[in-house]
Amino acid sequence: MTASGAQTELRLVVLGRTGTGRRSTVCSILGLQDEHQGKDDGQTEECSKHRGEAAGRQVLVVSSPDWFSADCHPEERRRHISDMITLSCPGPHAFLLCVSVNQPADGETKALDVLEKLFGASAVSRNTILLFTNMEELEEDERLEDYLVTWRKDLQVLLQRCGGRYHTLETRSESEALEGMLEKVEEAVKESGEEHFSSLLYEEVEEQVRKKQIEIVRERRKDAQDDPSSLRDSEVTDEEMEEAREEAERSIGDLNVDLDNIFPSSSISPASPFASSLRSFWETLVAWLKWLPTLVRREALLGALVGLFVGGPFGGMVGATVGSVATEVGRRKTQKTK
């Protein structure tokens, strides 16, 4: 990317597990019609890069699949992470993590953990913004801030890790919401004291991309000349480098990133489909609560059931979180039917 591009183009990496509206978020930022509206994010299996204009700014949006899930195959995970880093080089201005307000935050907690291990703590504390989705679950006159304080202690923990930065694009005025989000991105960058987020890993990959760009430019010049002379790096123009950028990114391939320490083999062993099992269990309980509005102290029952399902002290902790959130979802569904 040219120096001027680095100064004027906001690079955004959109993350989110399946069902959190990652695709809709990308479409909202770029002002696109979501042709797959209502379909699961899981159908988007590849990392993708899009350029456009948003609220008077040039933006580059990288949409990355749910590679932090325990269900993701290790080879696919490596490919997704490699693509995400390469496509957002020399570094994003912000990571935008889509978070559903009506789901437990276990997946998002894992996502922040992985970002910290890959890029360092500042990737989360300075350059990550939570984007809340599925806002229709809130009452019409209920403020998001009140909902988080009253019902979602788990999401407050995420907010603390991200420096309190959050936003939602699901409002009546999408243009104002988008403007507000980009202002928060720019404010986060300013507070960080850097032009954009970077790390040793991003620097290494950017160097690989630039070397490949130069190689591509040289090859293109040779093809265009009968008697090509040797070229010095200084003779390669910014325009030529930019034209070779996309091909250079595609040629990088999987990066040599040590993921074993981040995703130990036990996380994908038969002993730990825990996350997917818990989510399935959660969804079943929430559906059940929709038609049991008179059940007494549902959070206590849910906590007990989850504690029994998981077992041990950890089961009690998870049960408390699941029960609290599920009780609120059940209450809202009941009120909406009155």
Reported OG-to-CH2 distance for the pair Ser82 and Trp67, which is rounded to 0.5 angstrom: 11.0 Å
Distance, nearest 0.5 Å, that separates NE2 of His50 from CG of Leu87: 9.5 Å
Same apolar cluster (I L V M F W Y, side chains within < 4.5 Å links), Leu201/Val114: yes
More than 12 heavy atoms from other groups under 6.0 Å of CD on Glu186: yes
Exercise: identify the closest heavy-atom pair between Leu96 and Val185: CD2-CG2, 4.4 Å
Salt bridge flag under 4.0 Å for residues Arg165 and Glu187: no
Within one Ile-Leu-Val-Met-Phe-Trp-Tyr cluster: Ile216 and Val205, side-chain cutoff 4.5 Å: no
Evaluation steps, side-chain contact (heavy atoms from CB on, under 4.5 Å), between Leu10 and Val61: CA-CA 8 Å; Leu10 285 179; Val61 182; over 6 Å; no
Which atom of Ser198 lies closest to which atom of Pro90, heavy atoms considered: OG-O, 3.9 Å
Within 6.0 Å of CD in Gln156, more than 12 heavy atoms from elsewhere: yes
Which atom of Ala55 lies closest to which atom of Glu179, heavy atoms considered: CB-OE1, 3.3 Å
Partner of Glu206 by salt bridge (charged side-chain N to carboxylate O under 4.0 Å, His left out), out of Lys212, Arg245, Lys211: Arg245
Tyr147 side chain vs Glu137 backbone, donor-acceptor pair below 3.5 Å: no
Heavy-atom closest pair, residues Leu182 and Ala54: CD1-O, 3.4 Å
Candidate pair Arg51 and Glu242, rule salt bridge (charged side-chain N to carboxylate O under 4.0 Å, His left out), full reasoning: CA-CA 14 Å; Arg51 273 192 167 94; Glu242 186 64 24; 3.7 Å; yes
Shortest non-hydrogen contact from Thr168 toward Ala177: O-CB, 3.8 Å
Donor-acceptor contact below 3.5 Å, side chain Arg22 vs main chain Val14: no
Do any side-chain atoms of residues 25-32 form donor-acceptor pairs under 3.5 angstrom with protein atoms, and if so which ones, sequence neighbours left out?
residue : atom : partner : partner atom : Å
Thr25   : OG1  : Gly21   : O            : 2.9
Ser28   : OG   : Ser24   : O            : 2.9

Validation row: Val62, Ser48 side chains within 4.5 angstrom (heavy atoms): no
Partners meeting ring pair (Phe, Tyr, Trp, His ring centres under 6.0 Å) with Phe132 (sequence neighbours left out): Tyr166
Connected via hydrophobic side-chain network under 4.5 Å: Ile129 and Val157: no
Ring geometry between Phe95 and Tyr202 (parallel below 30°, tilted from 30 to 60°, perpendicular above 60°): tilted
From Glu9 atom CD to Arg57 atom CZ, the distance as rounded to the nearest 0.5 Å: 13.5 Å
From CG (Leu130) to CG (Leu15), nearest 0.5 Å: 11.0 Å
CG on Asn127 to CD on Glu194, rounded to 0.5 Å: 9.0 Å
Hphob cluster co-occupancy, Ile262 + Val257, side-chain heavy atoms under 4.5 angstrom: yes
Value rounded to 0.5 Å, distance of OG in Ser173 from CG in Leu178: 10.0 Å
Under 3.5 Å: donor-acceptor pair, side chain of Thr86, backbone of Asp83: no
Ile81 side chain near Asp254 side chain, heavy-atom distance below 4.5 Å: no
Polar side-chain atom of Glu170 near backbone of Asn134 as donor-acceptor pair, under 3.5 Å: yes
Greater than 12 external heavy atoms within 6.0 Å of Asp258's CG: yes
Worked check of side-chain contact (heavy atoms from CB on, under 4.5 Å) between Phe68 and Leu115: CA-CA 9 Å; Phe68 43 83; Leu115 286 178; over 6 Å; no
Residues, nucleotides or ligands: over 12 heavy atoms within 6.0 Å of Glu243 CD: yes
Main-chain N/O of Leu255 paired to Arg78 side chain as donor or acceptor, under 3.5 Å: yes
Ion pair Arg220/Glu240, N-O distance below 4.0 Å: no
Gln213 (side chain) donor-acceptor with Ala248 (main chain) under 3.5 angstrom: no
Arg79 and Glu75: CA distance, side-chain angles, deciding distance, salt bridge (charged side-chain N to carboxylate O under 4.0 Å, His left out) verdict: CA-CA 6 Å; Arg79 175 165 53 85; Glu75 293 182 3; over 6 Å; no
Glu53 atom CD, neighbour heavy-atom count above 12 within 6.0 Å: yes
Residue pair Leu158, Leu155: steps toward the side-chain contact (heavy atoms from CB on, under 4.5 Å) verdict: CA-CA 5 Å; Leu158 296 184; Leu155 295 184; 3.9 Å; yes
Closest non-hydrogen atom pair, Gly16 against Asp66: O-CB, 4.0 Å
From CA spacing to verdict: side-chain contact (heavy atoms from CB on, under 4.5 Å), Glu108, Leu97: CA-CA 8 Å; Glu108 288 71 29; Leu97 178 60; 4.1 Å; yes
side-chain hydrogen bond (donor to acceptor under 3.5 Å, both in side chains) partners of residues 111-126, not counting sequence neighbours, each pair once: Asp113-Arg161, Glu116-Arg161
Close side-chain approach of Ser69 and Thr18, heavy atoms under 4.5 Å: no
Main-chain N/O of Glu195 paired to His93 side chain as donor or acceptor, under 3.5 Å: yes
Any donor-acceptor N/O pair, Thr133 side chain to Thr20 backbone, under 3.5 Å: yes
